[in-house]
Every structure is written in structure tokens, then in C-alpha cells.
Number of protein chains: 2
Amino acid sequence: MDDTFGTISQWLERVFALHRNLMRQFANEEGLQLVHVEILQYLSVCNRYSDTTQAISEYLGQTKGSISQSLGNLEENGFIRKIQDKVDKRVFHLSLTTNGSSVIKRMSKFIDLDSSDTIVPELKLLLSSIQKKHGFRGFGICKSCKFNQNVGQSNFVCGLTKEKLSLDDIHKICKEHEEQSAI
Amino acid sequence: MDDTFGTISQWLERVFALHRNLMRQFANEEGLQLVHVEILQYLSVCNRYSDTTQAISEYLGQTKGSISQSLGNLEENGFIRKIQDKVDKRVFHLSLTTNGSSVIKRMSKFIDLDSSDTIVPELKLLLSSIQKKHGFRGFGICKSCKFNQNVGQSNFVCGLTKEKLSLDDIHKICKEHEEQSAI
DNA sequence: TTCAAATAGTATCGAATCTAAACTTATTTG
DNA sequence: CAAATAAGTTTAGATTCGATACTATTTGAA
């Protein structure tokens with residue numbers, strides 16, 4: 001009973017709470033836990049450098065032990081598959097099965113935010129302001145990353161891995177992302 | 001690996017995840033669970049019709065049994081107090097103790113979103129669009145509620161309870177809130 | 001080359017939360 | 001005034017969470 005309602009933070013809290021309730025409701029209807037849907041959602045938008053237990057753990061802010069368990073559950077139930085990296089055998093790449101994909105499609109349809117796109121630039125600003133203030137890095141799209149190099153028409157190279165990236169690639173989110181100095 | 005990144009929903013997810021990580025980090029530093037901080041935050045902005053177990057349960061989307069347990073914990077540790085309603089003895093009103101208030105003050109300072117206010121109207125639009133689509137009601141500020149009546153300078157009356165509301169009152173959030181037809 | 005340190009991921013244990021259901025107490029309704 | 005409803009608590013079982021230890025692999029430095 002200290003404050004009145006009106007700051008950005010409080011409006012955000014309210015939207016977050018409502019959005020999470022929706023997600024939870026959807027998860028329940030699918031017979032899943034909230035965290036499972038969050039994992040599937042992340043896997044549907046991350047790139048091939050960021051589809052690992054460790055990356056999910058960083059993104060969702062939970063320990064990798066906990067994420068590992070949830071992943072085991074998701075794999076058992078046929079929502080994701082795990083493929084060992086050919087170069088670094090410690091690493092396993094995760095991806096959605098057809099089954100997992102269809103959950104995400106149903107979720108998008110269920111949540112269905114069709115509000116105007118004018119909020120997106122505001123969200124980007126907010127995001128990068130939070131990241132700067134708290135020294136977070138990672139989880140942006142290649143397009144705005146300082147490591148991303150445009151080497152000709154629709155051809156890109158990641159400066160970190162020296163690998164070629166397709167037009168599709170550069171619209172996924174990456175755990176190594178660092179914002180270009182001039183936004 | 002189905003989608004690329006860019007829709008409103010995906011940007012929201014990203015901001016949500018980051019914000020929740022911040023909240024969790026803060027909660028950990030205070031020796032609290034995330035849900036405890038969320039409850040304290042809610043209690044700091046709700047009005048006197050909405051400071052109950054049931055209302056918190058609706059707001060956070062968790063069962064009242066679960067919330068009841070967390071509230072017991074918070075009361076034991078001196079963050080909140082419980083006062084029985086004089087009229088309806090089933091109801092207990094919850095409020096922050098000095099201790100609880102100071103947690104919320106530290107949280108605001110910690111999160112510290114100083115981005116421009118231009119995002120607030122966008123958030124309001126988003127919120128009301130989600131609420132309409134999913135038939136949710138409740139948890140808005142009296143100021144925009146169809147039950148709220150202005151009866152003279154800075155004097156308001158709630159059409160549901162017929163009680164007087166102060167200028168401070170009408171900026172808190174209420175579980176009975178219904179948007180005025182013309183936004 | 002060799003061996004210690006670092007990294008990715010899993011397994012395990014105790015604590016805490018979550019849901020669902022039964023339950024208590026109080027209020028409202030017919 | 002009995003039955004239905006509502007607010008809140010309690011209980012039990014399942015799940016998650018965090019911490020720690022563990023395996024396997026890679027890196028790096030003497």
C-alpha cells in the first residue's frame with residue numbers, strides 16, 4: 001500500500017502477469033508445464049549456436065540441472081530431439097520434432113497478439129536499456145550483432161565462427177549476440 | 001527451428017524472460033523466492049478491495065492453496081500482516097509491513113527502468129487487447145473503470161461498493177475493474 | 001607429450017513450490 | 001433454517017528448483 005499504479009515497471013508487471021497466465025493456461029490445456037512451453041518457444045527461435053542445454057539455462061535463468069531434467073522429459077514425450085555435435089562431442093543440439101513444432105503453432109494461435117507493431121521498437125529500446133544497465137549480453141538477432149558481416153547480397157558471415165549465415169539464420173536469436181556500438 | 005525472430009510476441013517473450021531473470025536475481029539476493037517478491041509487488045499497488053488471498057491468486061494465476069502457503073511464509077518472516085475484515089469475517093486484508101515495503105523500494109531501485117514513457121500507452125493498448133480477446137476482466141486502475149463516478153473536485157465514488165475513493169485510491173489496481181466502453 | 005583446468009551435460013538429494021481435493025468457517029440464498 | 005456458495009487453510013503427491021558431485025570431452029600450458 002505504498003505506491004500508486006502508473007510507472008513503466010508496474011504496467012510491465014501487469015502485462016507480464018497476464019501474459020504468463022495465458023501461457024500457463026495454454027500449457028495446462030496441452031498437458032504441459034509452463035517451463036516446457038517456454039523451452040519449446042525458445043528452441044523455435046534460436047540459432048544453431050544457441051540450441052543447447054547451457055543456452056536455454058542462461059535464457060530462462062534457471063540452473064542447467066533443472067533444465068536438463070525438463071529436457072529429458074520433453075525428449076521422452078517426443079517434443080524435441082537431441083543430436084550430438086560432430087566436432088565437440090560434449091555438445092548436444094536440440095531441435096523441435098513435428099510434434100513440438102505444432103505445440104508452438106497452437107500457442108501462437110492461442111496467444112494471438114495482433115496489436116499494432118508500433119510497440120516493437122519500444123520493446124527493443126527497453127531491452128537494450130536493461131541489458132546495458134545490468135551488463136547482460138547475448139540473445140539478440142544476428143542482424144544487429146557486431147560480429148555479423150554482410151559479404152554481398154543476402155550473404156552474411158559470423159565474425160566469431162567464420163561461418164556463412166543465410167537470410168533465415170540472421171533472424172534467429174544467438175547467445176553470443178553483442179549489440180553494435182551505434183544502435 | 002521453425003520460425004524467425006521478429007513478431008511482437010517474440011519480442012515480448014524476450015523482454016519477459018530478461019525481466020524475470022532480473023526479478024529472480026533480486027529475489028535471490030534478498031533471500032526470497034520469486035513468487036514472494038511478486039506477491040509483495042502486487043500488494044504495493046492494489047486497492048482495499050483486492051488485497052486478499054483470492055485476488056492475488058487470480059492476479060498471479062496460481063491456485064489459492066499455493067498462494068496461501070506463500071502468504072503464511074511471508075507473514076512468518078514479517079513482510080506482511082493480515083487483518084480480518086470487520087464486516088465479512090471470512091476475508092483477511094493483507095498489507096506490507098515496513099520490512100515488506102523496503103523490499104519493494106529496493107526492487108524498484110534494482111530494476112530501475114528509466115526508458116521513456118512512450119511505451120506506457122502501447123502497453124495499455126496491448127493489455128486491453130489481450131483482456132478483450134480472452135474475456136479477462138479485473139486488475140485495472142479505478143480511474144479507467146466504468147464503475148467509478150466523479151462526484152465533484154477530486155471526489156470519487158465506486159459504483160459497486162458505493163464507497164468514497166480518494167485521489168490516491170483511484171490510482172491503485174482493483175480486481176473488480178471493468179474498462180469503460182469508450183477507451 | 002602429458003596432465004591439470006575448464007566446459008557441456010547428467011544424476012542425485014533435500015527443500016520448496018505447485019495442483020487438486022478435502023476441509024473449516026462464514027455468508028448468502030431460497 | 002437448511003443448502004449452496006465463498007474465503008481461506010490444510011494435506012498429499014508430483015514436479016521443479018538449486019546445489020553438489022559426477023562423467024566425458026576439450027583446451028591449454030609446462
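The figures here come from the full heavy-atom set of this structure, side chains too, leaving out hydrogens, waters and symmetry mates. So you know, we letter chains A, B, ... as the sequences are listed, proteins then strands, and number each from 1. Model, not experiment: these values are computed from the prediction.
Scanning residues 16-36 of chain B for heavy-atom distances under 4.0 Å to DNA chain D yields B:R24. Near-neighbour residues of DNA chain D inside residues 73-92 of chain B, defined by a heavy atom below 4.0 Å, number-ordered: B:K82, B:R90, B:V91, B:F92.
Scanning for side chain to side chain donor-acceptor pair (under 3.5 Å) contacts around B:N21 gives an empty result, with sequence neighbours left out. B:Q84 meets the side chain to side chain donor-acceptor pair (under 3.5 Å) test with no other residue; sequence neighbours excluded. Remark: B:Y49 engages B:T161, B:E163 in a side chain to side chain donor-acceptor pair (under 3.5 Å) (not counting sequence neighbours). Residues forming a ring pair (Phe, Tyr, Trp, His ring centres under 6.0 Å) with A:H93 (at least two apart in sequence, or on another chain): none. Qualifying side chain to side chain donor-acceptor pair (under 3.5 Å) partners for B:D88, counting only residues two or more places apart in sequence or in other chains: B:R90.
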Listing, residues 24-37 of chain B side-chain donor-acceptor contacts under 3.5 Å, not counting sequence neighbours, or none:
{"from": "B:R24", "atom 1": "NE", "to": "A:G61", "atom 2": "O", "distance (Å)": "3.3"}
{"from": "B:E30", "atom 1": "OE1", "to": "B:R106", "atom 2": "NH2", "distance (Å)": "2.9"}
{"from": "B:E30", "atom 1": "OE2", "to": "B:R106", "atom 2": "NE", "distance (Å)": "2.7"}

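Of all nucleotides in DNA chain D, those with any atom nearer than 4.0 Å to a heavy atom of chain B start and finish, going 5' to 3', at D:dA6 to D:dG18. When DNA chain C is scanned 5' to 3' for any atom under 4.0 Å from a heavy atom of chain A, the first and last hits are C:dT7 to C:dT19.
For residues 67-81 of chain B, the salt bridge (Lys or Arg N to Asp or Glu O under 4.0 Å) pairs, not counting sequence neighbours, are B:E75-B:K82.
For the helix from C:dT1-D:dA30 to C:dG30-D:dC1, the rotation axes defined at the first and last 5 base pairs enclose an angle of 20°, given to the nearest 10°.
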